[in-house]
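Let me begin by presenting the structure, written as structure tokens, before commenting on it.
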Amino acid sequence: MNELHIERSTTRKVTLRLLPFLFLCFTISILDRVNIGFAALQMNQDLGFSDAVYGLGAGIFFVGYFLLEVPGSAMMARIGARKWISRIMVSWALIAIAMVFVKTPWQFYTARFLLGVAEASFYPCMVHYLSGFFQSKHHAKAIAGFMIAIPAANAIGAPISTYLLQITWLGMAGWQWLFILEALPAIVLGIICYFYLTDRIEDATWLTHEERKWLIDVTTKEAAAKQKVKHYTFMQVFRDRDVLILSAGYLFWMFGYYGINMFLPSISQGLREETSLSLQDMGWVLGGMYLIAMVVMYLVGKSSDRTNERKYHVAGCLGVSAVAMMISVLVSDVSVIVSFVFLTISLCGAFGAYSPFWAIPPSFITGTAAGGAIALINSIGNLGGFFGPYVVGYIRDATGSYKLSLLTLGISLIISAFVIVVFVRRTGGKVEQQAPQTALEKVV
């Protein structure tokens, strides 16, 4: 069996074994994180929450996420991804179910904070885990393969959530059943994860001996090539220039992204009023918007791998997102429908940047240090997820409109694009160019 054939068969098996399962796990994760936006359509009225209270509660998730992200990643490195990911999924599901008992703002804030604590380090664990089973040249596409779960969770979750809002069983409102029924799959998947994943390539009995040997050899050689440039320890990544710049760029990006994502169901009320859509129909419309974003996300990841370029793909997507968001504000008085077309374009840009962005850190940092870098970038960046929803809610209460909020979010996305394209120096291109791109393109 020649090397090219081994590469193709190994990459195909790794892709089919890991990506569908991690995609499903990440989909449930994102759904349990953002379904608060749909729950708010009933919950805010039932509990008497203002937009500012809701925005703070939606965003405070990321404070807990920030505090435990790096320690959680370090713990994953010690006990293994399989056990840690399993623990994360079960614990966040139990806290998500506990949301049904929320009555006051402080109970709401506490539950969302604890949900962030429970889920912290889940995403960097997933990225680091995948980077250990794929060659560098396939990182962006592999990451995109499971990160499509982000728009997928919204595309699937929008019609499901709007349907669940209409349920009133056992004296509980629809928003309470939404939290319960959308959290249960995480418990099941968390248990399966413990038995399904393998922490090391050496333990992957679903590969042949020859395939395991080839994959170990190629990933070891790539790690050595990166370390010739610079060898990182876990703690050194916290002082690395590019890691800190990526963290700053990600913060402004998440400010804009979560600001619109957490409030999109509420913003869509204007479209419902103009078109007389039912709540369920509105769910399908929002699902369609995210479905389009899924396609764009995949195509951008494929383009980034084919051209071996990262930061301009990221900056280009964020720039398009920012401009489209601002245009949606300018045309909203003329046509809400046209405004939502531009909001769809904005979502596509915000999602499209994900896969090339997250292919950058593993391209110049290896081993446990890569997990630390990803955790640091994700934890600092996701603080934007705290400020974005809170700022949107605060401005909405102060002005009675979402216009100024959306303009603020657009400016934040422009700042993110500028920071990444101007200040990031390394994207790992030279390492990635050492091998031709062949196998994964035949699989994905």
Side-chain angles (χ1 to χ4, degrees), residues 30-31 34-42 44 51 54-55 58 148 150-163 165 253-297 299-300 317-354 388-389 391-393 395-396 399-414:
I30 297 299
L31 182 60
V34 303
N35 60 10
I36 189 71
F38 291 97
L41 296 176
Q42 286 184 353
N44 288 358
D51 283 331
Y54 164 71
I148 289 177
I150 301 176
N154 290 277
I156 298 169
I160 291 177
S161 296
T162 50
Y163 173 78
L165 286 177
W253 174 9
M254 291 298 100
F255 182 101
Y257 166 74
Y258 278 111
I260 181 64
N261 198 41
M262 294 293 191
F263 273 91
L264 189 57
S266 297
I267 294 173
S268 68
Q269 294 294 84
L271 181 61
R272 284 186 62 197
E273 293 170 2
E274 180 168 304
T275 59
S276 300
L277 289 174
S278 67
L279 179 62
Q280 185 63 66
D281 290 337
M282 191 66 246
W284 287 110
V285 170
L286 294 179
M289 293 168 66
Y290 286 107
L291 185 63
I292 295 171
M294 283 177 60
V295 176
V296 172
M297 189 175 181
L299 294 177
V300 172
C317 286
L318 295 181
V320 168
S321 180
V323 172
M325 188 178 294
M326 292 178 176
I327 293 176
S328 74
V329 174
L330 296 177
V331 303
S332 61
D333 288 336
V334 178
S335 172
V336 174
I337 296 176
V338 175
S339 178
F340 262 75
V341 170
F342 281 100
L343 276 180
T344 303
I345 296 172
S346 182
L347 282 178
C348 289
F351 281 114
Y354 266 106
V391 168
V392 170
I395 295 176
R396 172 70 169 80
T399 65
S401 170
Y402 287 108
K403 291 183 180 179
L404 183 57
S405 299
L406 293 179
L407 289 175
T408 303
L409 301 180
I411 292 171
S412 181
L413 291 170
I414 290 175

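Hydrogens, waters and symmetry mates play no part in the numbers below; they use all other heavy atoms, side chains included.
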[atom1]/[X] to [atom2]/[Y] distance, rounded to the nearest 0.5 angstrom?
{"X": "L31", "Y": "I36", "atom1": "CG", "atom2": "CD1", "answer": "12.0 Å"}
{"X": "L404", "Y": "I395", "atom1": "CG", "atom2": "CD1", "answer": "4.5 Å"}
{"X": "D281", "Y": "T162", "atom1": "CG", "atom2": "OG1", "answer": "9.0 Å"}
{"X": "L41", "Y": "S161", "atom1": "CG", "atom2": "OG", "answer": "9.5 Å"}
{"X": "Q280", "Y": "I160", "atom1": "CD", "atom2": "CD1", "answer": "9.5 Å"}

Would you check if [X] and [Y] make a side-chain contact, meaning some heavy-atom pair closer than 4.5 Å?
{"X": "M289", "Y": "L343", "answer": "yes"}
{"X": "I327", "Y": "V323", "answer": "yes"}
{"X": "V392", "Y": "L409", "answer": "yes"}
{"X": "F255", "Y": "T408", "answer": "yes"}
{"X": "M326", "Y": "I414", "answer": "yes"}

Mind listing the closest non-hydrogen atom pair of [X] and [Y] along with its distance?
{"X": "L165", "Y": "F38", "result": "CD1-O, 3.4 Å"}
{"X": "I150", "Y": "I30", "result": "O-CG2, 3.8 Å"}
{"X": "R396", "Y": "S405", "result": "N-OG, 4.1 Å"}
{"X": "M325", "Y": "G256", "result": "CE-O, 4.4 Å"}
{"X": "A158", "Y": "G287", "result": "CB-N, 3.7 Å"}
{"X": "G410", "Y": "A322", "result": "O-CB, 3.3 Å"}

**Asked** Would the Y163 and W284 ring centres measure less than 6.0 Å apart?
**Response**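 Distance test on ring centres: not under 6.0 Å, no.
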**Prompt:** Does S339 reach the main-chain N or O of S335 with its side chain, forming a donor-acceptor pair under 3.5 Å?
**Reply:**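 A pair under 3.5 Å: no.
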**Asked** side-chain contact (heavy atoms from CB on, under 4.5 Å) between V329 and F342: does it pass, once the steps are laid out?
**Response** CA-CA 9 Å; V329 174; F342 281 100; over 6 Å; no
Which donor-acceptor pairs under 3.5 Å do the side chains of residues 345-352 make with protein atoms, sequence neighbours left out?
unit_1, atom_1, unit_2, atom_2, d
S346, OG, S321, O, 2.9
S346, OG, S321, OG, 3.1

